[in-house]
J.: 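This is the structure I want to talk about, given as structure tokens.
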Number of protein chains: 2
Amino acid sequence: MIEKHLMKLRIRDAISAEEEAALAAAAGDVVRYAADQTFVTAGQELGNSTLLLEGLICRYKDLSDGQRQITALHVPGDFPDLHSFTLKYLDHNIMALTPCTVVQFPHARLQSITEQHPHLTRMLWFMTNLDAAIHREWEVSLGRRSALERTAHLLCELHVRLSVVGLASDREYALPITQTDLAECLGLTSVHVNRVLKDLRERGLVEFRGGKVVIGDLAELRRAGEFDPAYLYLERRPR
Amino acid sequence: MIEKHLMKLRIRDAISAEEEAALAAAAGDVVRYAADQTFVTAGQELGNSTLLLEGLICRYKDLSDGQRQITALHVPGDFPDLHSFTLKYLDHNIMALTPCTVVQFPHARLQSITEQHPHLTRMLWFMTNLDAAIHREWEVSLGRRSALERTAHLLCELHVRLSVVGLASDREYALPITQTDLAECLGLTSVHVNRVLKDLRERGLVEFRGGKVVIGDLAELRRAGEFDPAYLYLERRPR
DNA sequence: CGTCGCTTTGACACCTCTCAAGGGGGGTGG
DNA sequence: CCACCCCCCTTGAGAGGTGTCAAAGCGACG
């Protein structure tokens with residue numbers, strides 16, 4: 001069940017048959033979540049980490065005035081709360097943005113992996129470090145890029161990340177979330193996201209409509225967002 | 001040499017004598033960096049990770065138009081590039097903000113730790129996950145908080161983090177960086193940071209002057225920044 | 001005592017937010 | 001099968017927070 005989701009790891013390093021078996025053995029229950037279901041709450045003690053098989057997941061924090069910031073978006077093959085293995089409880093909530101299928105990995109079994117499979121452990125550690133790299137790029141977007149740049153950048157990032165797991169073609173991918181969800185990723189209001197999307201569409205760069213992203217001009221879209229995928233660590237060595 | 005810097009880890013979990021010895025044995029050269037010295041460049045292959053003993057370090061990314069975003073600030077006891085152990089090269093630069101003393105940990109020795117000390121490995125993994133938690137809180141600040149809230153929040157965060165390593169009293173701590181550095185953390189211009197600091201000072205909340213932060217009213221400062229230290233994982237269990 | 005980097009302040013511009021209203025599409029119940 | 005409703009998208013007008021540009025003050029250091 002998890003075989004095809006190891007693709008993401010294999011890009012970066014070899015996984016032995018033994019390691020693959022150990023991971024498969026660590027897998028626990030398969031669970032489904034409904035759209036908009038918050039299945040991990042900040043502060044809650046956790047005994048499992050979750051591998052996303054199907055659907056989209058976000059991690060978010062709410063502010064006292066009702067504002068929300070989404071701090072991460074997850075696509076199939078991601079481990080949205082692998083970090084809860086060492087943290088024990090989280091500082092944020094986790095929600096399914098669409099109906100999702102996940103596999104749970106009991107922390108006790110992950111602990112066995114750390115005791116018996118150091119190389120696999122380092123690969124899991126790598127995955128949480130990759131998540132942090134994406135956080136950093138989002139910090140740059142939120143801190144320094146304009147609304148248009150930020151939006152273009154995020155659409156480029158998702159294009160790459162979904163391509164890696166075979167869920168995007170050269171020109172399009174499914175993104176069945178609302179403009180409000182996007183706004184909460186981008187630190188903008190949904191009203192403004194709407195205007196930015198209109199602008200991107202009218203310039204022929206990209207169209208987001210009906211839960212689908214259609215890229216009109218990938219080179220221009222990347223330029224508009226100053227997108228450089230280096231931070232996604234798709235290369236084993238720096239260029 | 002590293003004993004007192006393990007404080008940060010001991011808050012969260014017990015370190016055995018054997019683990020402490022293993023860590024000490026992994027320590028390599030002690031190195032000094034001058035203020036403003038960038039000692040790790042994005043894309044550079046790395047063979048060491050760095051434990052900060054003295055001084056302040058930042059991690060940052062530059063944009064093509066000359067803007068800069070600082071994505072993390074590090075205080076003594078932090079491991080600013082521990083993640084390079086699994087990533088091999090980094091997506092960002094690392095710079096000393098003040099004169100610094102660090103100890104380098106060769107990745108080969110860290111790899112031995114992952115092979116012989118699973119519990120210690122999990123604690124190191126925890127440290128990188130804590131960095132990611134701080135990244136997330138910064139995303140919230142950058143995305144959703146006003147300039148004043150953001151600034152107050154950062155000053156509160158540093159107060160807590162420096163207190164943990166004995167470098168802050170109840171009311172003050174040294175922060176020998178410029179307003180421009182602060183602005184680059186906060187996603188603001190230095191001109192605006194200056195106005196915000198004036199506002200905070202006139203309200204009696206906090207004063208930042210001459211490289212020193214003096215807190216006038218901690219409770220009010222925390223309220224102004226909506227600061228909740230939960231994301232710093234100072235408690236082993238959720239409240 | 002001059003220089004240089006950092007801080008401070010003012011005036012004005014502009015990006016994004018707020019508030020408000022209307023449009024469209026899909027699901028549900030009568 | 002139709003009508004209604006709700007959620008989401010779209011658009012406009014005006015407000016406000018932060019950026020830009022510019023200049024002067026200040027302090028450390030040589």
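In what follows, chains carry the letters A, B, and so on, assigned in the order in which the sequence lines appear, proteins first and then strands, with residues in each chain numbered from 1.
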J.: Do B/Glu220 and B/Arg223 sit within salt-bridge range, that is, some charged N less than 4.0 Å from a carboxylate O?
T.: yes
J.: When the distance from NE2 of A/His192 to C1' of D/dA13 is rounded to whole Å, what number comes out?
T.: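 These atoms are roughly 15 Å apart.
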J.: For the pair made of CZ in A/Phe208 and C1' in D/dC8, what is the distance, rounded to whole Å?
T.: 11 Å
J.: More than 12 non-hydrogen atoms from neighbouring residues, nucleotides or ligands closer than 6.0 Å to CG on A/Asp170, yes or no?
T.: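 No, the 6.0 Å shell around CG holds no more than 12 heavy atoms from other groups.
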J.: Starting from P on D/dT18, measure out to CZ on B/Arg145 and report it in whole angstrom.
T.: 14 Å
J.: NA contact type, B/Ser146, heavy-atom cut-off 4.0 Å: base, sugar-phosphate, or nothing?
T.: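 It contacts sugar-phosphate atoms only.
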J.: In whole angstrom, give the distance that lies between atom CG of B/Asn194 and atom P of D/dG19.
T.: 13 Å
J.: What nucleic acid atoms does A/Leu188 come within less than 4.0 Å of, heavy atoms only: base, sugar-phosphate, or nothing?
T.: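 Result for A/Leu188 = sugar-phosphate.
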J.: Please report, rounded to the nearest Å, how far the P atom of D/dT18 is from the NZ atom of B/Lys198.
T.: 16 Å
J.: On DNA chain D, compare the nucleotides closest to A/Thr180 and A/Arg144; which residue's is nearer the 5' end?
T.: A/Thr180
J.: Could you state the CZ-P distance from B/Arg195 to D/dA22, rounded to the nearest angstrom?
T.: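 In whole Å, D/dA22 P lies 15 Å from B/Arg195 CZ.
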J.: Examine the side chains of A/Asp29 and A/Gln104 and answer whether a donor and an acceptor come within less than 3.5 Å of each other.
T.: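 On atom types as modelled, these side chains do not qualify, holding no pair under 3.5 Å.
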J.: Compute whether any side-chain donor of one residue and acceptor of the other, for B/Asp181 and B/Thr178, lie under 3.5 angstrom apart.
T.: yes
J.: Below 4.0 Å from chain A heavy atoms, what is the first contacting nucleotide of DNA chain C and what is the last?
T.: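 Answer, 5' to 3': C/dT16 to C/dC19.
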J.: When you check the gap from the basic side-chain N to the acidic O, do B/Arg145 and B/Glu137 get nearer than 4.0 Å?
T.: yes
J.: For A/Arg203 and A/Asp217, run side-chain contact (heavy atoms from CB on, under 4.5 Å): C-alpha distance rounded to whole Å, both residues' side-chain angles, the deciding distance at 0.1 Å, then the answer.
T.: CA-CA 9 Å; A/Arg203 294 195 199 189; A/Asp217 184 335; over 6 Å; no
J.: Need to verify one output field. Residue with the more 5' nearest nucleotide on DNA chain C, B/Gln179 or A/Arg150?
T.: B/Gln179
J.: Would you mind classifying the nucleic acid contact of A/Gly210 as base, sugar-phosphate or nothing, using non-hydrogen atoms under 4.0 angstrom?
T.: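 Nothing, no nucleic acid heavy atom in range.
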J.: Just say parallel, tilted or perpendicular for the rings of B/Tyr89 and A/Tyr233, cut-offs at 30° and 60°.
T.: tilted
J.: Using only side-chain N and O atoms of B/Arg209, determine if any of them is under 4.0 Å from OP1 or OP2 of D/dC26.
T.: no
